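Below: the structure, in structure tokens.
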Amino acid sequence: MTDKTVVCCNCGEEFVFTAGEQEFYTTKGLSEPKRCKKCREAYKASKNNR
């Protein structure tokens with residue numbers, strides 16, 4: 001696997017989805033991230049504050 005550049009669905013910024021992260025996501029059965037780290041953290045925080 002090689003590093004991938006992904007565009008965040010929230011802010012539109014590009015972020016790198018590394019080969020190591022891809023391997024981790026695959027072994028856990030997770031789909032590719034759609035949000036950058038900053039937007040993922042903000043999304044999680046908003047869900048926890050409900």
Side-chain angles (χ1 to χ4, degrees):
M1 282 189 209
T2 58
D3 291 356
K4 280 180 161 180
T5 301
V6 183
V7 177
C8 178
C9 68
N10 278 22
C11 67
E13 280 197 34
E14 291 184 347
F15 64 97
V16 177
F17 186 38
T18 66
E21 290 171 329
Q22 291 174 54
E23 192 173 314
F24 174 79
Y25 274 61
T26 301
T27 60
K28 297 294 182 185
L30 302 170
S31 58
E32 185 175 296
K34 293 178 174 65
R35 294 178 178 90
C36 67
K37 183 175 172 86
K38 185 172 65 172
C39 289
R40 276 197 311 264
E41 289 172 354
Y43 178 74
K44 285 180 190 176
S46 72
K47 285 178 66 174
N48 289 337
N49 288 336
R50 288 185 186 179

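Note that this is a predicted model, so its numbers are computed, not measured.
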Next on the checklist: So, using side-chain hydrogen bond (donor to acceptor under 3.5 Å, both in side chains) as the criterion, who are the partners of E13 when residues are at least two apart?
Outcome noted: none
Checklist entry - If you round to the nearest 0.5 Å, how far is NZ of K37 from SG of C8? => result 13.5 Å
Checklist outcome for this item: K4 meets the salt bridge (Lys or Arg N to Asp or Glu O under 4.0 Å) criterion, sequence neighbours left out, with E32
Next on the checklist: Using the side-chain hydrogen bond (donor to acceptor under 3.5 Å, both in side chains) criterion, which residues pair with K44? Sequence neighbours excluded.
Outcome noted: none
Item to check | CD on E14 to OG1 on T5, rounded to 0.5 Å | outcome: 5.5 Å
Item to check | Set of residues satisfying salt bridge (Lys or Arg N to Asp or Glu O under 4.0 Å) with respect to K28, sequence neighbours excluded | outcome: none
Next on the checklist: Under the rule for salt bridge (Lys or Arg N to Asp or Glu O under 4.0 Å), what residues qualify as partners of E21, not counting sequence neighbours?
Outcome noted: none
Checklist entry - Other than Y25, what residues sit in its cluster of Ile, Leu, Val, Met, Phe, Trp and Tyr side chains whose heavy atoms are under 4.5 Å apart, directly or through others? => result V6, F15, F17, F24, L30
Next on the checklist: Going by the rule side-chain contact (heavy atoms from CB on, under 4.5 Å), which residues pair with V16 if we only count those two or more places apart in sequence or in a different chain?
Outcome noted: D3, T18
Checklist entry - Of the non-hydrogen atoms in A19 and M1, which two are nearest, and what is the gap between them? => result CB-O, 3.5 Å
Next on the checklist: Within the 4.5 Å heavy-atom criterion, are R40 and P33 side-chain neighbours or not?
Outcome noted: yes
Item to check | Results of salt bridge (Lys or Arg N to Asp or Glu O under 4.0 Å) for E23 - residues two or more places apart only | outcome: none
